[in-house]
Amino acid sequence: MYSEKVMDHFQNPRNMGEIENASGVGTVGNAKCGDIMRIFLDIDENGIIQDVKFKTFGCGAAVATSSMATELVKGKNIQEALQVTNKAVMEALDGLPPVKVHCSLLAEEAIHAALWDYAEKNGIKIEGLEKPKTDISEEEEEEDY
Ligand code: FES
């Protein structure tokens, strides 16, 4: 049911981990399945994504899509990273079963959330980027109350 590429990225995930003092961090979740994905971006002064890592607490397809998404944005500039949609991630993985499409959406949203965080930290606006709806990092911060 899964392509070889999905199995490969699930069993040997690329760029798993975290980046300390990342330029941008995005955490998104899917309320229905409860899976959570976090992406860390290290962006240099020219707006190039030098490094990217992910942490995913979720299903195998979520791990595979996070892994592929990080591979696709690494070394790219911000506008190019915005083009890495869930469709692009799915194509790069040779497809996903229909019930697993939402897992790839999580990857797209996590990248957008991390870029949004980067933009906010630097007081810039990224053309074409909208505030991610499922960014749950703000809720986490509120837990301190
Ligand atoms: Fe929800 Fe895969 S089942 S992210």
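Note that the numbering runs from 1 along the sequence shown for the chain. Only heavy atoms go into these numbers, but all of them, side chains included; no hydrogens, no water, no symmetry mates. In each ligand, atom 1 is the first atom listed, and ligand 1 is the first ligand listed. A quick note: this is a predicted structure, and the numbers were derived from the prediction, not measured.
Looking at every heavy atom in both residues, Val28 comes nearest to Ala113 through CG1-CB, 4.0 Å. The two residues Ile49 and Val52 make their nearest non-hydrogen contact at CG2-CB, 4.3 Å. Taking both residues in full, the closest heavy atoms of Trp116 and Lys131 are given as CZ3-N, 3.3 Å, listed atom of the first, atom of the second, then distance.
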N/O donor to acceptor pairs below 3.5 angstrom from side-chain atoms of residues 62-73, sequence neighbours left out:
from, atom 1, to, atom 2, distance (Å)
Thr65, OG1, Ala61, O, 2.9
Thr65, OG1, Ala62, O, 3.1
Thr65, OG1, Cys103, O, 3.4
Ser66, OG, Thr56, OG1, 2.8
Ser66, OG, Ala62, O, 2.4
Ser67, OG, His9, ND1, 2.6
Ser67, OG, Arg14, N, 2.9
Thr70, OG1, Asn15, ND2, 2.9
Thr70, OG1, Ser66, O, 3.3
Thr70, OG1, Ser67, O, 2.6
Glu71, OE2, Asn15, ND2, 3.1

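Gln79 pairs by the side-chain hydrogen bond (donor to acceptor under 3.5 Å, both in side chains) definition with nothing, not counting sequence neighbours. In this structure, Lys53 has no side-chain hydrogen bond (donor to acceptor under 3.5 Å, both in side chains) partners at least two apart in sequence or on a different chain.
Around atom 2 (Fe) of ligand 1, the protein contributes the following N, O or S atoms at distances under 2.8 Å: Cys59 SG, Cys103 SG.
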